[in-house]
Amino acid sequence: MKVVIIGGVAGGATAAARLRRLDEQAEIVVFERSGYVSYANCGLPYYIGGVIEAPEALTLQTPESFFSRFRVTMKVRHEVTAVHPDKKTVSVKNLETGEEFEEPYDKLILSPGAKPTQPRLPGVGLEKLFTLRTVEDTFRIRNYIQENRPKSAVLAGGGFISLELAENLRELGMEVTIVQRPKQLMNPFDPDMAAFIHNEVRRHGIRLALGHTVEGFQEKDGGVDVLLKDAAPLHADMVALAIGVTPDTALAKEAGLELGLKGSIVVNDRMETSAPDIYAVGDAVQVRHYVTGQDAVISLAGPANKQGRIAADNICGGNSRYLGSQGSSVLKVFDLTAASTGVNETNARKAGLDVDAVILSPMSHAGYYPGGKLMTMKVVFEKKTHRLLGAQIVGYEGVDKRIDVLATAIHAGLTAIQLKNLDLAYAPPYSSAKDPVNMAGFMIENLAKEVVKQFHIQDLDGLPRDGSVTLLDARTPQEYAGGHIEGFRNIPVDELRERLNEVEPGKPVYVICQSGLRSYIACRILAGYGFDVYNFAGGFRYYDAVVNDRRLIESATACGMDQ
């Protein structure tokens, strides 16, 4: 059996290694148009910033090491120019010699990946305009920085690559501005959770121009002007396009394969395309979202590796199935860690789901053990069934641990309430006896049993200020004096029982505190005396971060960037 693989990074390299482990006799040939196979895409920004010093550290395998270990022929700098399903051959061009030839196959795996989205804008292609996707892109950017010592950069786009590159350029001492059309960075997060990412980025001196549309690029004064719609241009010594990726599926389209979202390759759960004996894996394929069941394109290394393994299993006579992608991800943003899994509240509502969410601010480990830091967690669930849909966490240590627990719970089909039952490891330096994941489960159980009712930040503007409801802040007078929501009066939770005469009977009571815990206790006290009470989800700390972020974004929309 001869297997040809087009593309040798995550999915293709994994498939090649798995094929060899399953079939010692198969002939395996990989064509990779770049000069590198099995390289670490996710590490590219850190090489530009000097965190990863040796360029060879980016290369997980070389053609020589792959052949030595697996007897797989890796042909780099070879571009497949056409696929012929009827003849079961591919047309190949050697990019170094110009030689063209046809290569036959018994089974074919397409792993072309995705390419940086290149908008058709004036100025695209300027010498000082960069994209970052391959090792060659990385060397080009790093060499430019070392040779020209640019002092400023504008990054168009606010996803993973953009934030990682922004951090590394900022650590090199450059002035960095991020501009993009949506009014938030990192679309896997809801806008309220993205506010904490924005705050960290701003804290490190990166300017944000959110809600602005890039209309083109123009060389000026030795640098580049980024032209914005209805705003003054942004000028910088260099510009990087990081506005997303597009499935690289020209070969599949020309070969007549069925295509789906964004031109991605349609595959079944065995990673089989619409053509016999042709499989596809990685960033180029359309998958099923594990939570919503809807078609999706999710460009992450984890799913690509799993899909490569599944395709290899099935080529070798197995029956492996890809169950779908949850989009679990984690990102370093300077000192902060931001992670998500499943579907966020915004997209859950777009998918037609009736959802709710709890927001909590637990410590990373036991409060009495030194060094604990707050994290902000948002756990999204379906109202009637309490099906666990997704989670977002922004904080410091322990974020990755909790998001992985939640990702596992989603995959296992646990309800949000069942989070309370998870038996998780505890020692004071690492966690609390009631882990944050357990706490989310307790909170959702309280909602399900109507032990407490909650209201959200989007409900605040609709609360009457005419005296028909009571608005109560349960924090200390010192906290209240440091900032509060207009219309909320202060009665500290520890004084509430003695001051019940100040809360008018028969009126609904809406309660807030710093994180949601004291206000919950206040709600239980008031409920015990017959009051109809509602607890604010997230607390004043969360409210303050979100509202301040919105204010900055709106001012940026008016003037071009954060002040």
Side-chain angles (χ1 to χ4, degrees), residues 34-36 39-59 116 118-119 121-180 185 198 200-210 212 214-228 231-243 331-336 556 560-563:
S34 77
Y36 301 87
Y39 56 84
N41 289 75
C42 301
L44 301 182
Y46 299 100
Y47 176 72
I48 292 170
V51 177
I52 299 172
E53 297 180 355
E56 57 270 18
L58 296 172
T59 306
Q118 290 271 21
L121 296 174
V124 170
L126 291 175
E127 182 182 356
K128 296 174 182 177
L129 188 65
F130 301 88
T131 58
L132 179 57
R133 183 67 179 174
T134 67
V135 174
E136 287 89 346
D137 293 336
T138 308
F139 291 159
R140 180 171 169 243
I141 295 173
R142 178 156 167 164
N143 290 340
Y144 178 83
I145 292 172
Q146 290 178 336
E147 293 172 5
N148 296 276
R149 303 294 179 186
K151 296 182 179 179
S152 59
V154 169
L155 308 185
F160 290 96
I161 291 294
S162 181
L163 261 69
E164 290 169 349
L165 184 57
E167 176 180 343
N168 280 277
L169 295 181
R170 185 68 184 143
E171 296 288 5
L172 291 175
M174 297 173 62
E175 293 183 1
V176 179
T177 302
I178 299 175
V179 57
Q180 73 162 3
L185 303 175
H198 298 168
E200 180 73 1
V201 167
R202 294 187 187 106
R203 191 170 71 86
H204 285 83
I206 292 176
R207 293 177 290 182
L208 300 178
L210 304 177
H212 286 282
V214 176
E215 293 196 320
F217 308 92
Q218 184 176 350
E219 285 188 299
K220 186 175 182 182
D221 300 331
V224 180
D225 269 1
V226 179
L227 308 178
L228 304 179
L234 300 173
H235 184 79
D237 296 331
M238 63 178 287
V239 174
L241 281 178
I243 58 176
L331 175 72
K332 177 183 179 295
V333 186
F334 293 99
D335 300 325
L336 204 65
M561 70 177 66
D562 280 1
Q563 297 298 297

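We use all heavy atoms of the structure for the numbers below, so side chains are in, but hydrogens, waters and symmetry mates are not. All values reported here derive from a predicted model rather than from experimental measurement.
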Taking atom CG of Leu163 and atom CG of Leu331, what is their separation to the nearest 0.5 Å?
5.5 Å
Summary of salt bridge (Lys or Arg N to Asp or Glu O under 4.0 Å) pairs that have at least one residue in residues 160-172, sequence neighbours excluded
Glu167-Lys332
Indicate the atoms forming the closest heavy-atom contact of Ile243 with Ala156, along with that distance.
CG2-O, 3.0 Å
Give every donor-acceptor pair under 3.5 Å between a side-chain atom in residues 121-128 and any protein atom, sequence neighbours left out.
unit_1	atom_1	unit_2	atom_2	d
Lys128	NZ	Gly222	O	2.3

Pairs satisfying salt bridge (Lys or Arg N to Asp or Glu O under 4.0 Å), at least one member in residues 137-155, at least two apart:
none
Could you please spell out the steps behind the side-chain contact (heavy atoms from CB on, under 4.5 Å) verdict for Gln218 and Val224?
CA-CA 6 Å; Gln218 184 176 350; Val224 180; over 6 Å; no
Partner residues of Tyr46 under the ring pair (Phe, Tyr, Trp, His ring centres under 6.0 Å) criterion, sequence neighbours left out
none
Which residues pass the ring pair (Phe, Tyr, Trp, His ring centres under 6.0 Å) test with Phe160, not counting sequence neighbours?
none
For Pro116, what residues pass the side-chain contact (heavy atoms from CB on, under 4.5 Å) criterion, not counting sequence neighbours?
Thr131, Arg133
Can you name the residues that form a salt bridge (charged side-chain N to carboxylate O under 4.0 Å, His left out) with Asp335, not counting sequence neighbours?
Arg203
Taking only residues two or more places apart in sequence or in another chain, which ones pass side-chain contact (heavy atoms from CB on, under 4.5 Å) with Ser162?
Leu155, Ile178, Ala242
Value for CD1 (Ile141) from OH (Tyr144), rounded to nearest 0.5 Å, stands at 11.0 Å
Could you walk me through whether Leu132 and Ile48 pass the side-chain contact (heavy atoms from CB on, under 4.5 Å) check?
CA-CA 10 Å; Leu132 179 57; Ile48 292 170; 3.9 Å; yes
Sequence neighbours excluded, which residues qualify as side-chain contact (heavy atoms from CB on, under 4.5 Å) partners of Glu175?
Ser152, Arg207
What closest approach, in Å, do Pro45 and Asn168 show between heavy atoms, and which atom pair accounts for it?
O-CG, 3.1 Å
Determine whether Val214 and Leu227 satisfy the following criterion, side-chain contact (heavy atoms from CB on, under 4.5 Å), listing intermediate values before the conclusion.
CA-CA 6 Å; Val214 176; Leu227 308 178; over 6 Å; no
Taking all non-hydrogen atoms of both residues, which atom of Met238 and which atom of Ile145 are closest, and how far apart?
SD-CG1, 4.1 Å
In terms of relative ring orientation, are Phe334 and His204 parallel, tilted or perpendicular, with 30° and 60° separating the classes?
parallel
Euclidean distance, Asp225 CG relative to Phe217 CZ, rounded to 0.5 Å
11.0 Å
Can you sort out the partners of Leu336 under side-chain contact (heavy atoms from CB on, under 4.5 Å), two or more places apart, ordered by chain and number?
Glu200, Val333, Val394, Tyr396
Kindly determine whether Asn148 and Asp237 satisfy side-chain contact (heavy atoms from CB on, under 4.5 Å), including the steps that lead there.
CA-CA 9 Å; Asn148 296 276; Asp237 296 331; over 6 Å; no
